[in-house]
Amino acid sequence: MKTLEYEGKKVFRKYSLPVPRGIPAVSPEEARTAARELGGEVVVKAQVHIGGRGKAGGIKFAADPEEAEKKAAEILGMDIRGYTVERIYIEEKVDIRGEYYIGITTDRSARLPVMIISSEGGMDIETVAREKPDRITKFNIDPLWGLHPYQVRKEALRTGIDADKARAVAGLAMKLYELYLKEDATLVEINPAIVLPDGEVICGDSKLVLDDNAGFRHPEWESEIIPDVYDPVEIEARENGISFVRLEGNIAVIGNGAGLVMSTLDSLALEGGSAANFLDIGGGALAERTEKALKLAFGLSGIDVVFINIFGGITRCDEVARGIVAVMEEVKLDKPVVVRLIGHNEEKGRRILEESGLNIHIYETMRDATRQAVSFSLGGA
Ligand code: GDP
Ligand code: MN
C-alpha cells in the first residue's frame, strides 16, 4: 500500500529523518488555522496517491493564513491525474538551494535492495535517468554487509554532489535504509531531498510503499498511519474480495485470474496503451462480485474505455455478459466497453451483449480486443 506524503513523513519522523513542520487539513478553514500555527510562509500541498502534483497545480505557496485558506480552496476538489484532492498538507516553506533524489526499492532481478541517488531531484527520476544519466547512480545493498556511509558518499560524489553534502546525504540514506528494513517497505523515496542555505539536507517530499504481506507484523500501520493510507477504491475492492490496484493510465481493465489480468496489462502496453488499474474478479466469479467489480471499474475517474477480458472456465460467460449489460444500464455508462469473452457458454454470452444495443465491442482474440481498446483510449474509433 502506498502512503500519502504526510503519512510517509510521519514514518520518516520515527526514523529521525528531518522533515519540515506540517499539519494536514481537509478544509480551507483548517488550512488557515494550520498556517497560523506554523507561522510565516507556507506551502499548501495536495495529498493524493500520485506524484507530479507540482506540475498539475497541486502545490501552491502562501504568504499568510488568509492566502493559505484561499489556495487551499483552490486545491481541494481539484482533479490530479484522475485523483480528487480531499486532503491537503500545510507545511512551513523552506528556502531551497538544491534538490537531490534518494530512494531505495527492491531489485527483483538482483534479489537485493537497490539504492538510487541523484544530484537532480525534484523531477521524475525516470526523466533524469534518460536525460542526465551521469547525474544518477544506482547500487545494490548487500543485506549481510549492510549499508555504510562511505559507500553512499562515494556514490553521491559520482553524481556531482559535493563532499559536504555527500556526508549529509549519507546520513539520510542510512536512516532511510533502516526504515526500508524495519517497516517492510518495497519502495521509499525522498524527492526532492532539499538542500537548505546552511547546507543541511532535509526531506521535501515522501513516497512510501509498504508491503501488504507484512501487515500482520505491523499493527501500528493501522493505528498510526491509517485510515488515510488506503485508496478508498482499494478498500472497497478488498472488502468485496476483489484484487484491485490503481495504475496511471486511462483504460479500465477487468479480468478473471491474476495471470490473465497481468498479461492484459502487458498487451495493452505493447500496443501503446496504458491501463488505469489491475482488477481481478477471481475464479468462478459470482454474479454479485462481478457486478461490484464492474461498478468499481466503470466508476474510475479519468478513464476513456473499459476493457473486459474473460476466459470462462468455471466462470460462465453468459452470466458475466448479463452482469455487464445490467451494470452498464444501471450506471448509464457513457464510455465504450471492449469485451473479449471466450470459454464456457461463450456464444450465449456474446449474444446477450450483441442484443443489448449498448456501446459494446466484442472480440474473440485478445490481440484484436487489445488493439480496439487502445484505439479508443487514444481518441480513435
Ligand atoms: P510532487 O510534484 O508531487 O513530487 O511534489 P513535491 O513535494 O516534490 O514538490 C514539488 C516541488 O515543489 C519541489 O521540487 C520544490 O521545487 C517545490 N517545493 C515544495 N515545497 C517547497 C518549499 O517549502 N519551498 C520551496 N521554495 N519550494 C518547494
Ligand atoms: Mn516529489
Side-chain angles (χ1 to χ4, degrees), residues 2-13 17-25 31 34-35 37-65 67-68 71-72 74-76 78-105 116-129 131-132 135-136 161 165 169 172 176 185 187-209 228 231 246 248 302:
K2 222 190 259 180
T3 67
L4 292 169
E5 174 194 5
Y6 85 94
E7 294 160 342
K9 282 180 171 171
K10 269 198 245 177
V11 181
F12 279 16
R13 285 194 187 94
L17 280 155
V19 294
R21 291 180 306 131
I23 302 170
E37 204 158 308
L38 293 169
E41 286 180 60
V42 296
V43 191
V44 181
K45 308 179 86 177
Q47 299 297 293
V48 282
H49 290 99
I50 201 158
R53 297 164 302 163
K55 257 187 255 159
I59 292 178
K60 295 188 195 296
F61 301 111
D64 52 50
E67 201 183 354
K71 301 286 167 160
E74 285 171 27
I75 293 176
L76 283 161
M78 182 186 266
D79 180 276
I80 298 182
R81 298 162 70 198
Y83 286 77
T84 307
V85 182
E86 282 163 6
R87 198 173 287 265
I88 47 180
Y89 190 45
I90 317 301
E91 214 175 40
E92 63 175 322
K93 186 178 170 192
V94 297
D95 197 356
I96 297 189
R97 292 301 156 86
E99 295 186 303
Y100 302 153
Y101 173 100
I102 312 170
I104 305 174
T105 186
I116 302 168
I117 296 172
S118 171
S119 56
E120 300 277 332
M123 54 168 136
D124 215 28
I125 198 64
E126 288 82 5
T127 312
V128 179
E131 291 171 8
K132 299 182 177 175
R135 296 283 166 179
I136 182 169
I161 294 175
K165 311 293 187 320
V169 166
L172 293 189
L176 206 63
L187 174 95
V188 58
E189 250 182 33
I190 309 172
N191 187 25
I194 294 177
V195 184
L196 298 178
D198 65 2
E200 198 197 339
V201 183
I202 64 166
C203 309
D205 189 6
S206 84
K207 181 167 177 187
L208 175 62
V209 181
D228 317 323
D231 182 328
R246 180 87 78 140
E248 297 182 1

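Along the sequence shown, residues carry numbers from 1. Remember, it's 1-based here, ligands and their atoms both numbered in the order they're listed. Scope of the values below: all heavy atoms of this structure, side chains included, with no hydrogens, waters or symmetry mates.
- Rounding to the nearest 0.5 Å gives a distance of 4.5 Å between OG of S206 and CZ of F12.
- Residue nearest to atom 3 (O) of ligand 1, selected from M123, E92, R97, R53: R53 (by heavy-atom distance).
- At least one side-chain heavy atom of V94 sits less than 4.5 Å from a side-chain heavy atom of I194.
- Closest approach of E99 to P192, counting heavy atoms only: OE2-CG, 3.4 Å.
- For atom 20 (N) of ligand 1, the choice among V44, I80, D205, V43 with the nearest heavy atom turns out to be V43.
- The shortest N/O to N/O separation between E91 and ligand 1 does not fall below 3.5 Å.
- For atom 22 (C) of ligand 1, a protein non-hydrogen atom is found at a distance below 4.0 Å.
- Remark: ligand 1 and V94 share an N or O pair separated by less than 3.5 Å (distance only, no angle test).
- Listed by atom number, the atoms of ligand 1 under 4.0 Å from G122 heavy atoms are 14 (O).
- Put simply, the side chain of K2 does not reach to within 4.5 Å of the side chain of R246, judged on heavy atoms.
- At a 4.0 Å heavy-atom cut-off, ligand 1 touches N191 through the backbone alone.
- For the residue pair M123 and N191, the shortest heavy atom distance occurs at O-ND2, 3.0 Å.
- Looking at A56, G204, G54 and measuring to atom 2 (O) of ligand 1, the nearest heavy atom belongs to G54.
- Among the heteroatoms counted here (N, O or S) of D205, OD2 is the one nearest to the Mn ion (ligand 2).
- For E99, every heavy-atom contact with ligand 1 shorter than 4.0 Å involves the side chain, none the backbone.
- At least one N or O atom of K45 sits closer than 3.5 Å to an N or O atom of ligand 1.
- In this structure, R87 and E7 have side chains that are not in contact, with every pair of non-hydrogen atoms separated by 4.5 Å or more.
- With hydrogens and angles disregarded, no donor-acceptor distance shorter than 3.5 Å links the side chain of R97 to the backbone of D198.
- Of the polar atoms of K93, none of the N or O atoms is found under 3.5 Å from an N or O of ligand 1, judged by distance alone.
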